[in-house]
Structures are given as structure tokens and as C-alpha cells.
Amino acid sequence: MAIISYIEAVTMALREEMERDSNVFILGEDVGKKGGVFKATEGLYEQFGEARVLDTPLAESAIAGVAIGASMAGKRPVAEMQFADFIMPAVNQIISEAARIRYRSNNDWHCPIVIRAPYGGGIHGALYHSQSVEAIFANQPGLKIVMPSTPYDVKGLLKAAIRDEDPVLFFEHKKAYRSIKGEVPDDDYVLPIGKADVKRKGEDLTVITYGLSVHFALQAAEKLAQDGIQAEVVDLRTVYPIDKETIIESASKTGKVLLVTEDNKEGSVMSEVAAIIAEHCLFDLDAPINRLAGPDVPAMPYALPMEKYFMMSPEKVEKAMRDLAEF
Amino acid sequence: MAIISYIEAVTMALREEMERDSNVFILGEDVGKKGGVFKATEGLYEQFGEARVLDTPLAESAIAGVAIGASMAGKRPVAEMQFADFIMPAVNQIISEAARIRYRSNNDWHCPIVIRAPYGGGIHGALYHSQSVEAIFANQPGLKIVMPSTPYDVKGLLKAAIRDEDPVLFFEHKKAYRSIKGEVPDDDYVLPIGKADVKRKGEDLTVITYGLSVHFALQAAEKLAQDGIQAEVVDLRTVYPIDKETIIESASKTGKVLLVTEDNKEGSVMSEVAAIIAEHCLFDLDAPINRLAGPDVPAMPYALPMEKYFMMSPEKVEKAMRDLAEF
Amino acid sequence: MDQKHKQAGLTDETVIQMYEMMLLTRRLDERMWLLNRSGKIPFVVSGQGQEAAQIGAAFALNRDEDYLLPYYRDFGAVLAFGMTVKELMLSAFAKAEDPNSGGRQMPGHFGQRKNRIVTGSSPVTTQVPHAAGIALAAKMDQKPIVSLVTFGEGSSNQGDFHEGANFAGVHQLPVIFLCENNQYAISVPYTKQVAAKNISDRAVGYGMPGFTIDGNDPIAVYQCVKNAADRARRGEGPTLIETITCRLTPHTSDDDDRAYRTADEVKKAKELDPLLSFRTYVKEAGLLTEEREQQLEQEILHIINEATDYAEQAPYASPESSLQHVYADTKGGE
Amino acid sequence: MDQKHKQAGLTDETVIQMYEMMLLTRRLDERMWLLNRSGKIPFVVSGQGQEAAQIGAAFALNRDEDYLLPYYRDFGAVLAFGMTVKELMLSAFAKAEDPNSGGRQMPGHFGQRKNRIVTGSSPVTTQVPHAAGIALAAKMDQKPIVSLVTFGEGSSNQGDFHEGANFAGVHQLPVIFLCENNQYAISVPYTKQVAAKNISDRAVGYGMPGFTIDGNDPIAVYQCVKNAADRARRGEGPTLIETITCRLTPHTSDDDDRAYRTADEVKKAKELDPLLSFRTYVKEAGLLTEEREQQLEQEILHIINEATDYAEQAPYASPESSLQHVYADTKGGE
Ligand SMILES: Cc1ncc(C[n+]2csc(CCOP(=O)(O)OP(=O)(O)O)c2C)c(N)n1
Ligand SMILES: Cc1ncc(C[n+]2csc(CCOP(=O)(O)OP(=O)(O)O)c2C)c(N)n1
Ligand SMILES: [Mg+2]
Ligand SMILES: [Mg+2]
């Protein structure tokens, strides 16, 4: 089992799925010769050729729409949006079309596409290369939204997404691409979409989060452990539709819940998590449900001091966890 | 003070604002000669002429984008999306542009536009003429989202929206257009954007909702009152950014909260309301926070039995209120 | 000299089939309005005036292999692709057996996998990139398949038209873009939608040929679409075809077109009704006798009556079935 | 015979101003790369190779009244519209005084209200409908104002290009659409972006004139944009102009273009560098002496040095100021 980076796990999953199933193909801006602006598709153009690794015109609605069409004709397209921020022109195709095709046709047609996009901040990308966009889609039945935190999860979940019979948005944290490494089996495996993963067991409080912040929470949990406080860390992995069971179980057990997202606070996926807990675990709670999130400003600024002010960090998570533990 | 319909209040507000300020103009599909598919702009083309009531090409991203451009040059555009469902092609212009112009330019530029759109179900409109789309935008700082319930509120809030210095999405419930009537002063008045309105005072439980469902809640509240249960009905009016204070005050007071939306349940604006209450009023609650919403299926089907199954109704609200009161 | 349809490569049998299908389409459409006006069905959107374009185009394809991505007026095209009158009636009545959506979508939102009629939605023009995607799949699989996508001229102003057409142009995909230009987008006349003389003027910007033809002439449409399909199958890429027609009805049963166009304008358009001119053609060609015509009307009446009765009596989907088919594994009740 | 610039209606003074501005733009751009490579600024996007198009276009406008909607390479255009080198350096260093965004946006995201440089974002082509909107406002107010909007050829494949251009065509708005065609969208060459021979082929589809011109010739660009502006002010509507250029640098400082284009290709393009040919032109026209050239380089060096020092030492906006200016009434801390 090799230790590889988060982005290498993306490439590995893509390669293996393309080897396994000749219907899988990739399309997006600069995914071919250049191998993607982040190099997620590096080497695939060389291995599978131009016909299966398509450089598209600069037009996201077409990227999504063409993928949808191809999927209805039996293909398994994996579309790349160069940055999650640039998924906006494709919202109509994703929400009005991909999410509704099975339902509106009464199960006659379906749309097995994956849309991959790098999201998240901390890389000096400013307003339009740092955003978390999941909340825009996290109220659209018919879609699934996967946001993995580790290379192991990346590989297993991306493979699952490609094999899924329904459209999956697969958001990869771009700051995790090279900074997060981990063991990844060479074997074929899939992980279940729709299931959260308890990344750390604990009895004293629960942190629920996803993506890069999972690592912040794990780091903070280790620090708290030195002081005898055992935090449970729940990695949502799929942020829509959300895994209620795991949330309810952990919240009921510890009675203290911190929800962490890098997105703006109001209307984030963490609002839904809070609502679920408030609906199901009210009498098990020992403290208010606490949300730690980005401020409610449009997006992360470019200048370092402002970016840091906005961006989630291990320190911010640790502080919030300690406050909650002491409540 | 005349009794007029919800849609007449829309027209009245538009007319008065156009008379008051020559920079106000309307653009959209079929808003001119036809007066809009719902007749919201009826008579305005005749009164103000073609230059101020523009029939646009069938292209929502241009409608939003042109409005944005005109607003940056000093105009006060009121754009109509023919149905809220068709706002999707304009999401990039609304989220990436309108919402971010002031922030990204460090207050140098701003974007005072209003985008009106009829939303909501119960009119046999099927998947694409029945949707509630607010949740897609209800996590975008820079935007304001107004969803009035009564003719009085429509007039005061639409005027406020047109005079607002920032972009406002103004969603009108199409089933309310002709079914809801009420007293509306002939005078000029504005209502504050960002403030919820307590439509009925009560001590025993709180219903928080908006749009057409406000009326369902009020009807149900009258029935409960006959049995001595006094429900407070909070009309959010602005669903983003949300009025935390009013929510917290009412929830703390009654200790029992029912949240009602016609939208799908997971990821609706009611998730945010639940999160706010769970964060601020936990120890005042006597019952779990209860959400009553549409099922998590893409959108309302066409056939009457299925539409009714999905659609909110006074009966559904009443039942949920009674269950909560008895908790 | 050969008759026009023979020059176009159409046999007598086929041309009369085309006429029969046009007549069927029109009569079905008329019945839908009657049902609507008598309160039996809530909504009608219709293709009256555009049948020649739809049927001419559909007949030019391989209706056993090619894909159709229709828009809401394309009753003629979907009938030609194998959807039945009964099925369309089931959709009009929103009944469970409706193959398009099981009563979930409004009429005119076609879809039927077995006939390769691709499911459509209400937001206009989203189907255009889908057609490119289907053609891309065909190209990848080296199958000689063509996709035909239709849309109104107003809808050709949506970004998705541009992006889909450009994609097909770059990858030289076997797509036929058929714009049914009926001069109006609801109430907005052509001159307020587009400044170009013709929608087909846009083809050059996508590196494909563009044609503007008489949409009231099914044989001209057949010929033009046939050429485009042949080109597409030879790997020579997409084509943009614009058929000039007129919408003979209001936009839908919810519209009153007197607010924005004169009775005179509609009257003039009705004189160009493709059903009339095509009837004249097949009669003059000696392919339709007076008796056969009578008989045909009877047959069609019978089909439509039967379909109406069946659909009216058919059951709705159960309320709870609303919960089904969100995902592959949604059983309902989740 | 008159010299080329005189034929185009340019005085000696103006043409030399244009040259000076081109040189300034280039030297500033080069400095930014140095600053980036030495780790002083995190990011550069540059306009090297496109200055002639930008400056030729900007000079053809009324820079006291018209609006500019630039894209990220338009350093030449924004300098011509009145943004200063110091201001651009403040943006490169992301400092509080940056007039574009106060350090909130990446460099190349221009905006300055007092100079009517309209704030821009990263998602490409959103500015195109804005330009139509500004022109619509001008038309409504009967002001003789033109808006000039620029974008890359890759970006002309976005839906917003189509929708914005169509809107301007229908309403005959005073907009100039300037496509800076540098043959690549990051790594994707023209042939994989567009099947049309020229981007200007798209103009006819919007009922406007379209031109493809040599983007290395500032006088040709001036002339073409001037004609378009004159037409626009006469109420004759929009124009689409495509300038053929080459991107002489990688896409940005984050890109390595050796993965997708040969050194030879870039070398050849550099032989056509508009700065070189324009220098030759002004020299041959007797407008630039050897001494003046030396002096000019010194002046420019001085301006850039001063701006760099100033910007490097200028303060950042405070972290908490991130909370400001979400809405008109957001004071921060809310
Ligand atoms: C994206 C979108 N915006 C608006 C509508 C509402 N609408 C339905 S049909 C129509 C006009 C379409 O005109 P055209 O494309 O010319 O087709 P026609 O109805 O004339 O056949 C409009 C505006 C829609 N369905 N989708
Ligand atoms: C909507 C959107 N998608 C993707 C990107 C990422 N991106 C930035 S520049 C660029 C290429 C632009 O090419 P072109 O329009 O030709 O302009 P050039 O950079 O060549 O001047 C891409 C894909 C973006 N900024 N916006
Ligand atoms: Mg039309
Ligand atoms: Mg380019």
C-alpha cells in the first residue's frame, strides 16, 4: 500500500475506472495535453488518447450538458469544472436536467455523470478560486454531493461516483491536493456514497465536518486528548443527501456538537445538520449546537491577512472545541 | 384603502416606483405588450412606453446581466424571470456578479437591481413551473431574498427592493397572485427588508414560515384558537439574510417551534432557521424543532393527486401544529 | 419531369405516410384543444402549423436508430418516432401509464427511451447540448447514428444553443439542429428577439452549414434534413436548419394572442397552412382520392376517440408514488 | 502619401503617446514577472503581445466618457483609461489602497469607477451582458456613450457572449465587442475551441458587422474601433471586432506552456511582437529618436521603481475589514 497524495488518488481512481470500463471518459477545459490545471488528469491523455480525454471549448454549460447527453446514450462521462467557482454557468444543466432526468421520465431515462471540481480556499485564490459551492446544490433531490477528505476516501468514493447510476458532484479540496497524503490500496475498492465516516471515536464531544476541515478537527482532537478530552470526529463525506443516522447517533452519544464548514455560515450544509440534530436529539444535548464557519461575506479575499481571517484553521477549530468542551 | 389582489399590489408598486423615479425600468420576456404571462406588468407598457418596459430576447443570463450593467450605469432595473424555475441560466450572473460587485470592488461599484420571479406550486405547473428556488441563493452574502405573503407586504417590500442599493431577489407566490387579497394603502410606503413580521401573536407555539404558507398557518391558528391553543405566526418576509432576532424571540417565548416551507425539506431555508434556534434557544425549547416541508423529490408532479401530495396545505399545517401543541 | 417528392428520393408510399401522419397530428392537436376548452384536460401546447417541418424532418432520419430531442410542439415528430396517440392522450390526461413521465410532467414534455425520444424539460434549449452529447457517444462508438434536436427561434438566443452548437462544430458531431422558426416567442416577435436576418446565419460562426427553408413544405424539409443526415453519417459534422413556419394557435391554452398579434396576421398564416398545401400536393400527385381522404379521417377519428376514452378512464399514479425514482434505489417512502 | 497614422486620423502627438503607453505597459508587465519569480508577488497574469490591440482600441474611444469592461490581460487598456502604474502595483501586492478591490481580488481583476473601468470577476464573459446594459442605459439617457468590452476568443464560446451580443444587436446598442484572439485558451488551441474560421464570423448572427484585424497593428485597431465607435454614437448599433494576436507568455505565472506549445511557435510569435514593429514604425515616421527612446525607458523605469517601492511598503487592509461592504449598510463586524 503506497502513500500518495489526495490528487494522486484522484488520478488513480480515474485511470483505474477508465481501464475497467471503456465507456468512462473525461471532458473538461485543459484536461488533455496539459493534464488539467491542477494535473488531476495527468498522463491520461497519453494513456487513453484524445477521444477519451477531451479538451472542451471554454463553456461549462456545454460541458455539463454534453456529459448529460452522452450519459443518456450509455456513456460514463466524468466532467471536470476547472474550479468549483466556474460551475455557476452549468447550474441550469445540473439542477434542471441532471437532477431531474430520472424523476421526470418516471425512471425511463437516467443520467450517470460525475462532475468533479476543485473547491475551497487557503491557496491565495481570492473570491473566485476559493469558494465552497456545495450549498447551492445541497437542496436538489436527484443529485448526490461527495466531498472527500483523505486520499483513501477519494479513491473509493470517486470510483463509487463513476459507477453510480445517478449524477454525482464530486468536490475536491484544492488545498488538500498536495498537502494531504495517506495510504491508498492499489486494489480496486469502492466506498459507499451517502454514508458518513467516524474518523475518530470519542465520548466528550462531536465535531461534524467534511473536506479539509476534517484534518483540522483531527489535529485539534489530538491536542484536546492531551488534556483528557475525547472528541469524536465525524466526516460527512457525502453532504447531500446527508447521512442522518450517523449524525444522530454521534450527537446523541456525546451531547455536545460542533459543526465546522469552510463555507459561509448562513445557509451552509451545516444548517441542515443542525436542523437534523434539533429535530432528533434535542433532549440528548448538553450544549447549544455550535456552528463554526466562514463569515457571511461573499468569498475569501486575496490579500493574505484577509484570507487567513476568512479561512478555517486548526486553531479556530481547536478553540471552538475547547469552548464547547467547557460548556 | 382598497382591497386588491397580491398581483395587483405588484403592479401598483411597479407603477408608483416608475412614476417616482425615471431611472426605474422593467425588462423581461413578454412584459411589454402582453403585460407578462401573469399580467403583473399589465398597463405599464402603455403608460411608460417601450423604452421603459422592454420585451427581451429569451435569454435569462442576458436579462440579469444587462440589468446588472444598466444598474452600474445609474439605472434601477426591475428584471422579471417568467417563472422562478427559469432563473437557473442566470445563476452565474446573480451569484458571481450581482452578489459580489460591491464586495469585490471594495465598495467602489454597486448593483441596485431587483429580480422578480413567480414561484411556488398548487397551480398545476408540474416540475418546472412550481418550484421554490430560494435555497439555491440563500447562502450568498451580497444578495437579499424577499418573499412576501400579503398584498400589503408586496407593495411595501417591492418598493423597498427597488430603492435598495443592493441586489434583491423578489419571489412572488404565483398561487397567491389572485387567491390572496388584502387592504393596500394608496399612499407611498416601504417596509423594511431584513425584518420578519409577527402576523399573529400567541403564547403556546410558534409557526415560522413565509409566502403562501403564512396563510395556511393563520387559518390553522384560528382553528387551534377555537380549542384554546394560541399559536404565534412569524412571517419571515426576507428569507436571506434572515432576521435572527425575531426568530429567537418568538422561539424562546413559546418553546415550541414548527417551521413550514413548501420547498423540499433537506437544505431549505428552514434548516437555517432551525440551526439559529438550536444555537440560541436550546434551553428554552420544550419540544424538538419540527420542520414541515415538501418531500425530498425533485419537484412537484403534474397529475393532481401527486401535486396535492407534495403541496403544502392548511390541513397539513394544522395537523403538524396540533401534534406539536400536544407534545 | 419527376414529381417533387420523387426528386427528393421519396416513394409514393412514404409521401402518403407523411401526409397521413400530418393529418393525424393535426386532428389529435385539435382534439386536445376541445378537451381543454371543455375542461377535461388542464393544458394544451400545440404544434399546429409546424407539422410539415416536424414530419419532414423525422422522416428524413433512421427512425429505428437515430435520436430525437424534441421540444414541446413536436407532436408530429414524436408520432413519427413511434409514440402513439394513446400514449400522448395519457400524457394529456396526466395518467400513470403516460410513457413520457407517468403523469409527472406537463404535456409536450416528451420522452420515451425505447423510441430514442430523449426526455425533455421546460427550460428551453437545455436539450441542445444533450444532442451534442448523444452524437459524441455515437462518434465514440463509431455508430452511424444522428441526433436531431429541435427548438424555437426564440430559444436559439439562449446560451445553451451557442455552447451546444459550438461543441458540435468543434468535434464535427453528427447532430442536426432544427430551428422551428414560427416568428414568435410567446408574444415577442422575431424582430425583438434577433437582429440577424435568419437564424441560420449563425451556422457560420460554428463552422457548419446553415439553411433557411420553407417549413410549410414537408418535402423541402425532408430533403434538407436528409442531406444533413447523410453528411453527418459521413463524419462531416453538424448542420443548422431553420424552417420558417407560423404558430397557428396561441402560445398555449393559457395564452390569448389577440393582445399582441392581429387577427389578420393569423388569418394570412392560415392560408399557408401546410396541411392544406400538402393535401393539394398529394391529391394533385394522384396519391389521395376523395374516398381515401374520407376514410382516413374516419380512421383517425376512431383512433383519437379510442385513445381519449382510454386515457380519460385510465388511473392516475398514486399520490405516494410521487416519492419514487429520485435515485436508482429510491423505492418510495424514503 | 500620408503616413498610415495620419490616414487613420491620428496626430503625431497621439501616435507617440500610444507608443509610450505600449512601452509602459510592457515594462510594467515584465516587472511583475520579475517580482513574481523573486517571490514578492504571488501571481501574474499578463498582456504581453496584446498591447497594440488594447491601446489601439482604448485610444479610439472617448476616455473621459466611455466605459471600459476589460478582461484580465487588459493592462494596456486600463492604463489608457487612467489607472496608474502605482495603482496596478498596489493591486499586484494586494494592498489596501488598490483601487480595483482593496486587495480583495487577484491582479487583473480591474475596476475603477472614477475612470469608468467596470469591476470584473474571474468567471469569463460575464462582463459582456454588462456592457450591453451600460450601453442600454446610455441609450435610454440619450448620452453619446459607448461601452467597449474585451474578452478572449476562448471566452467567446460562453453562453454569455451569445446572449449579450444578441441583446445588443436587437436593441442596436452602442457596444463594441473586442475579442482578443491570442489563439489559445490556456492550453487549448483555437481549432479545439471553435470551428469557425474567425470569431468575427459570429457577428452576422447578431445582425452586426464583424471584422478580423491584425492585433499587432495598433493603428489598424484604432481605425477599426474608431469606426465602430462612430457608428455606435450615430445609433447604428454594435460591432464585433476580432484582433489576431499571440500570447507571448504562459497563461499566467502558474502555467508552464511547454506542455502544449513548442518553443518554436513562441519564438515565431515573438518576431511579430507589436512593440517591436510599432517602435520601427514610429522611428521610421520620425517620431522617436534614439535619445528620446533612452530617456523614455529611464522615465518608465523610474515610474515603475517608485510604484513598486510604494506598493511593497503600503499596508494591507486589516483582517477585520474583510467584513465590510457586503451590503451598502455593512459596517463590518456584522
Ligand atoms: C429558460 C426558459 N425561459 C422561459 C421559458 C418560458 N417560455 C416557454 S416557451 C417560451 C417562448 C419560446 O419561444 P420559441 O423558442 O420561439 O418557441 P415557440 O414557443 O415559438 O415554438 C418561453 C419564453 C422557458 N420555458 N424556459
Ligand atoms: C467560466 C470560467 N471557466 C473557466 C475559467 C478558467 N480560465 C481562466 S482563463 C481561461 C482561458 C481563457 O481563454 P481566452 O478566452 O482565449 O483568453 P486568454 O486567456 O487566451 O486571453 C480559463 C479556462 C474561468 N476563468 N471562467
Ligand atoms: Mg417561436
Ligand atoms: Mg485566448
Side-chain angles (χ1 to χ4, degrees), chain A residues 28-39 41-42 45-46 50 54-63 65 81-93 123-131 264 266 294-311, chain D residues 42-43 91 93-96 98 101-107 109 121-126 151-162 184-189 192-195 251-252 254-257 259-261 315-327 330 332-334:
Chain A
E29 295 154 10
D30 305 290
V31 297
K33 263 197 192 168
K34 187 173 161 73
V37 294
F38 289 99
K39 302 287 177 203
T41 55
E42 190 155 46
Y45 179 87
E46 289 71 18
E50 185 162 24
L54 257 84
D55 274 331
T56 64
L58 175 34
E60 284 76 10
S61 190
I63 294 173
M81 299 285 153
Q82 197 157 79
F83 286 83
D85 315 68
F86 305 143
I87 205 170
M88 306 291 177
V91 163
N92 190 35
Q93 282 290 346
I123 50 96
H124 222 43
L127 270 81
Y128 298 99
H129 299 79
S130 303
Q131 291 174 80
N264 314 104
E266 184 168 347
D296 283 320
V297 309
M300 236 172 265
Y302 181 59
L304 219 57
M306 288 192 280
E307 187 189 48
K308 272 180 85 170
Y309 183 82
F310 187 119
M311 183 66 192
Chain D
F43 179 79
S91 159
F93 281 93
K95 295 302 176 68
D98 156 33
S101 74
R104 290 174 171 196
Q105 292 217 78
M106 300 174 91
H109 290 61
S121 62
S122 306
V124 298
T125 333
T126 48
F151 47 88
E153 84 294 345
S155 302
S156 81
N157 299 314
Q158 285 280 341
D160 268 11
F161 165 77
H162 180 69
Y184 280 90
I186 309 186
S187 72
V188 183
K192 286 195 178 178
Q193 301 174 51
V194 180
H251 174 65
T252 66
D254 291 343
D255 180 39
D256 180 356
D257 57 344
Y260 55 84
R261 60 176 182 179
Y316 284 114
S318 75
E320 298 73 25
S321 73
S322 311
L323 300 180
Q324 287 170 358
H325 310 313
V326 179
Y327 300 100
T330 320
E334 307 187 4

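The sequence lines fix the lettering, A, B, ..., with proteins before strands; numbering per chain opens at 1. Predicted, not measured: the structure shown is a model, and the values here were computed from it.
In this structure, the portions of D:Tyr260 lying under 4.5 Å from any heavy atom of chain A include both its backbone and its side chain. Interface residue A:Phe86: only side-chain heavy atoms are found under 4.5 Å from chain D. In this structure, the portion of A:Glu50 lying under 4.5 Å from any heavy atom of chain D is its side chain and not its backbone. For D:Val194, no part lies under 4.5 angstrom from a heavy atom of chain A. Contacts of A:Glu60 with chain D are made by both backbone and side-chain atoms, with heavy-atom separations under 4.5 Å. Neither the backbone nor the side chain of A:Phe38 comes within contact range of chain D, judged by heavy atoms closer than 4.5 Å. Proximity to chain A is limited to the backbone of D:Asp256, based on heavy atoms less than 4.5 angstrom apart. For a residue to count as touching a neighbouring chain, one of its non-hydrogen atoms must lie under 4.5 Å from one of that chain's; by this rule D:Phe161 does not touch chain A.
The distance from atom OG of D:Ser322 to atom CZ of A:Phe310, rounded to the nearest 0.5 Å, is 9.0 Å. If you take CG on D:Asp254 and NE2 on A:His129, they are separated by 9.0 Å, rounding to the nearest 0.5 Å. Note that the CD atom of A:Glu29 and the CD atom of D:Gln193 stand 10.0 Å from one another [nearest 0.5 Å].
Nearest heavy-atom pair, A:Ala59 versus D:Asn157, reported as atom, atom and distance to 0.1 Å: CB-O, 3.5 Å. The minimum heavy-atom distance linking D:Met106 with A:His124 is given by the pair CE-O, 4.3 Å. The minimum heavy-atom distance between A:Tyr302 and D:Gly103, with the atom names listed, is CB-O, 3.4 Å. Among all heavy-atom pairs drawn from D:Ala94 and A:Ala303, the shortest one is O-CB, 3.4 Å. Residues D:Ser318 and A:Met306 approach most closely at O-CG, 3.7 Å, considering heavy atoms. Residue D:Gln158 comes nearest to A:Leu58 through the heavy atom pair NE2-O, 3.2 Å, listed as atom of the first residue, atom of the second, then distance.
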Quiz item: Step by step, would you call A:Leu127 with D:His109 a side-chain contact (heavy atoms from CB on, under 4.5 Å)?
Solution: CA-CA 11 Å; A:Leu127 270 81; D:His109 290 61; over 6 Å; no
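With hydrogens and angles ignored, the 3.5 Å screen pairs no side-chain donor or acceptor of D:Gln105 with any backbone N or O of A:Ala126. Under a 3.5 Å cut-off, the side chain of A:Asp30 and the backbone N or O of D:Ser187 do form a donor-acceptor pair.
Counting non-hydrogen atoms of other residues, nucleotides and ligands closer than 6.0 Å to NZ of A:Lys39 gives a total above 12.
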